[in-house]
Amino acid sequence: MTIQCKSDTVYDGKGQFIEDEKIAFSISAGVSNVTIKNYKFRNVRYGVLGTKGEGESRNIIVEHCEMHNDAGSDPFVDYESQRITKTSGQDTGAGMLIYGNYALHDTIVRFNVCTGLARIALTGNEARNWTVCSNRSDGAEDSSIYVKGTQSLVTWNHVINSGKCGIKTRPNSNPDTQMGGHRIAFNYVEEFGLIKPDSGACINIDVPTIVEYNTCKVLKFPAAKPETGRARCYNYTSPFIISRHNVAITKDDPKFIAYKIHKKAVFLDSLGDQTVYTDD
C-alpha cells in the first residue's frame, strides 16, 4: 500500500521493511516539508515518487534508507528494452530510491545505500536545488544518479558497477526551461556500462556543470558495450563545463579513455591540472 505523504511530517521507519510495492511513498505536488528516513525497501519500484500537479513540493529529505532490488522480481518490467526490441516480458528488477518527476525541489538525498539493481536518484525535469550526498550504490541497473533541472549538488557519493553511467547530467525535455549549473564534486565512481550498451562514462555530463575533485576508475571494459566502443572515465558533451582537479584511473589501452571531450564542449578550465593514472 502506498503511503500518501502529508506536509510538515517526518516518516521514521526505524528499520521497517517495505517490500514488493510499486510505490512506497508518494509526494503530491504542493506537499512540502517531508522527511522519510530509516526505511529498508526491497523489490520496490519507487521508494519515493513525486507526482505531477499544481504547486511545488519543497524541503524533501530522504536519508538513512536502504534499497535492494533483486533481478526479475515482480512488479518490475524493463520498459526501455521493450521499446527498443519490441519484445515483452523482460523483467530486470530496476528500481529507484527517489524520483522527483516534475514536482520535487529543494530536495536532500543523503546517507542512503542502494544495492542489487536499485538506483539512487532521478531528479526529474525542471528540478531545482537537489543535494545528493554521501550515498553508496553498487550494481544499479541504469545510471545510479541522474540529474536534470538546475543548480543541484552531487557530492561525496560512492558509486560502483553501474549498469549504465555512474553519475549523469542531462537537459530537460523542454529546452526552453533552465538547466545545468550543477556541481559534481568529491565523488568516487568505479566501472560502468555493465548492463546498458548505450552507456557513456563513469561521469557523463551534457549540461553546463562544474566537475571537480572526483575520482573515476575503469579497468574492466564495459560488458554491455560493443567491441568497437570505448571505456571512458569522463564524457563531456556540453558547452561551459568547468573540469578541474579530477583523477582518472584507467588501463593503458586505446579502448580506455580518461576524458572524452566532444567538439561542442567548451571548457572554462583546461584539463592540465587533472591526473590520469594508467594500469598495465
Side-chain angles (χ1 to χ4, degrees), residues 2-13 18 23-39 41 44-67 95-114 118-137 140 142-159 165-174 177-187 205 207-210:
T2 300
I3 298 171
Q4 300 291 335
C5 295
K6 298 179 180 180
S7 292
D8 306 310
T9 305
V10 175
Y11 298 89
D12 187 348
I18 297 180
I23 303 168
F25 289 88
S26 178
I27 300 178
S28 299
V31 173
S32 295
N33 305 316
V34 174
T35 296
I36 298 168
K37 63 181 182 179
N38 299 321
Y39 283 89
F41 303 111
V44 171
R45 184 172 180 188
Y46 296 108
V48 181
L49 178 66
T51 59
K52 299 179 182 179
E54 297 297 326
E56 296 182 351
S57 297
R58 304 182 63 180
N59 302 322
I60 308 300
I61 299 175
V62 178
E63 62 183 3
H64 297 290
C65 291
E66 299 176 14
M67 188 171 187
M96 180 76 62
L97 176 61
I98 177 169
Y99 177 25
N101 214 337
Y102 287 82
L104 305 187
H105 308 289
D106 306 311
T107 297
I108 297 174
V109 184
R110 62 189 177 193
F111 309 125
N112 302 288
V113 177
C114 289
R119 304 163 65 188
I120 294 173
L122 172 53
T123 64
N125 289 284
E126 303 174 36
R128 298 193 309 275
N129 192 33
W130 280 48
T131 298
V132 183
C133 69
S134 302
N135 302 284
R136 291 193 293 119
S137 171
D142 203 284
S143 299
S144 186
I145 300 174
Y146 192 155
V147 181
K148 293 188 174 184
T150 184
Q151 296 179 327
S152 287
L153 172 65
V154 179
T155 187
W156 295 111
N157 298 286
H158 187 276
V159 180
C165 303
I167 299 171
K168 179 167 71 171
T169 69
R170 279 295 180 270
N172 303 334
S173 299
N174 182 355
T177 57
Q178 281 189 315
M179 61 186 78
H182 310 301
R183 183 174 183 236
I184 312 296
F186 300 104
N187 300 284
I205 307 297
V207 291
T209 302
I210 297 174

> What heavy-atom pair brings Ser173 and Tyr102 nearest, and what distance separates the two atoms?
Replying inline: OG-OH, 4.3 Å
>> Using the salt bridge (charged side-chain N to carboxylate O under 4.0 Å, His left out) criterion, which residues pair with Glu56? Sequence neighbours excluded.
In response: Arg128
>> Going by ring pair (Phe, Tyr, Trp, His ring centres under 6.0 Å), name the residues that satisfy it together with Phe111, two or more places apart in sequence or in a different chain.
In response: His64
> Are more than 12 heavy atoms from other residues, nucleotides or ligands located less than 6.0 Å from atom CD of Gln4?
Replying inline: yes
>> Show the nearest heavy-atom pair for residues Val207 and Gly180, with the distance to one decimal.
In response: CG2-CA, 3.8 Å
> At their closest point, which heavy atom of Ala140 faces which heavy atom of Arg119, and how far apart are they?
Replying inline: CB-CG, 3.9 Å
> If every non-hydrogen atom of Met67 is compared with every non-hydrogen atom of Ala118, which pair is closest and at what distance?
Replying inline: CG-CB, 3.8 Å
>> side-chain contact (heavy atoms from CB on, under 4.5 Å) for Val159 and Asn187? Distances and angles first, verdict last.
In response: CA-CA 8 Å; Val159 180; Asn187 300 284; over 6 Å; no
> Can you list the residues that meet the side chain to side chain donor-acceptor pair (under 3.5 Å) rule with Arg136, with sequence neighbours excluded?
Replying inline: none
>> I'd like to check Tyr11 versus Lys6 (side-chain heavy atoms, cut-off strictly below 4.5 Å). Are they in contact?
In response: yes
> Measuring from Leu122:CG to Ser143:OG, what's the distance to the nearest 0.5 Å?
Replying inline: 9.5 Å
>> Which residues pass the side chain to side chain contact (heavy atoms under 4.5 Å, CB included) test with Ser152, not counting sequence neighbours?
In response: Trp130, Val147, His182
> So how far is it from Leu97 CG to Tyr39 OH, rounded to the nearest 0.5 Å?
Replying inline: 13.0 Å
> Got a sec, which residues hit side chain to side chain donor-acceptor pair (under 3.5 Å) with Asn135, two or more places apart in sequence or on another chain?
Replying inline: Asn112, Asn157
>> Within this structure, what is the NZ-OH distance for the pair Lys168 and Tyr146, rounded to the nearest 0.5 Å?
In response: 4.0 Å
> What distance separates Thr123 OG1 from Asn129 CG, expressed to the nearest 0.5 Å?
Replying inline: 11.5 Å
>> Nearest 0.5 angstrom please: Ile60 CD1 to Ile98 CD1, how far?
In response: 7.5 Å
> Shortest non-hydrogen contact from Tyr46 to Val44?
Replying inline: O-CG1, 3.2 Å
> Between Lys52 and Asn101, is a side-chain contact (heavy atoms from CB on, under 4.5 Å) present by the stated rule, with each step listed?
Replying inline: CA-CA 7 Å; Lys52 299 179 182 179; Asn101 214 337; 3.5 Å; yes
>> Can you tell me how far apart CD1 (Ile145) and SG (Cys114) are? Round to the nearest 0.5 Å.
In response: 9.0 Å
> For Leu153, which residues count as a side chain to side chain contact (heavy atoms under 4.5 Å, CB included) partner, sequence neighbours excluded?
Replying inline: Thr131, Thr155, Arg183
> Can you list the residues that meet the side chain to side chain donor-acceptor pair (under 3.5 Å) rule with Glu63, with sequence neighbours excluded?
Replying inline: Arg110
> What is the minimum heavy-atom distance between Lys148 and Asn125, and which atoms define it?
Replying inline: CD-OD1, 3.6 Å
> Any sub-3.5 Å donor-acceptor pair from Asp12's side-chain atoms to Asn38's backbone N or O?
Replying inline: no
> Ser134: what forms a side chain to side chain donor-acceptor pair (under 3.5 Å) with it, not counting sequence neighbours?
Replying inline: none
Atom pairs and distances, donor-acceptor, side-chain atoms in residues 23-34, under 3.5 Å, two or more places apart:
residue: Ser32; atom: OG; partner: Arg58; partner atom: N; Å: 2.9
residue: Asn33; atom: OD1; partner: Asn59; partner atom: ND2; Å: 3.0
residue: Asn33; atom: ND2; partner: Asp8; partner atom: OD1; Å: 2.9

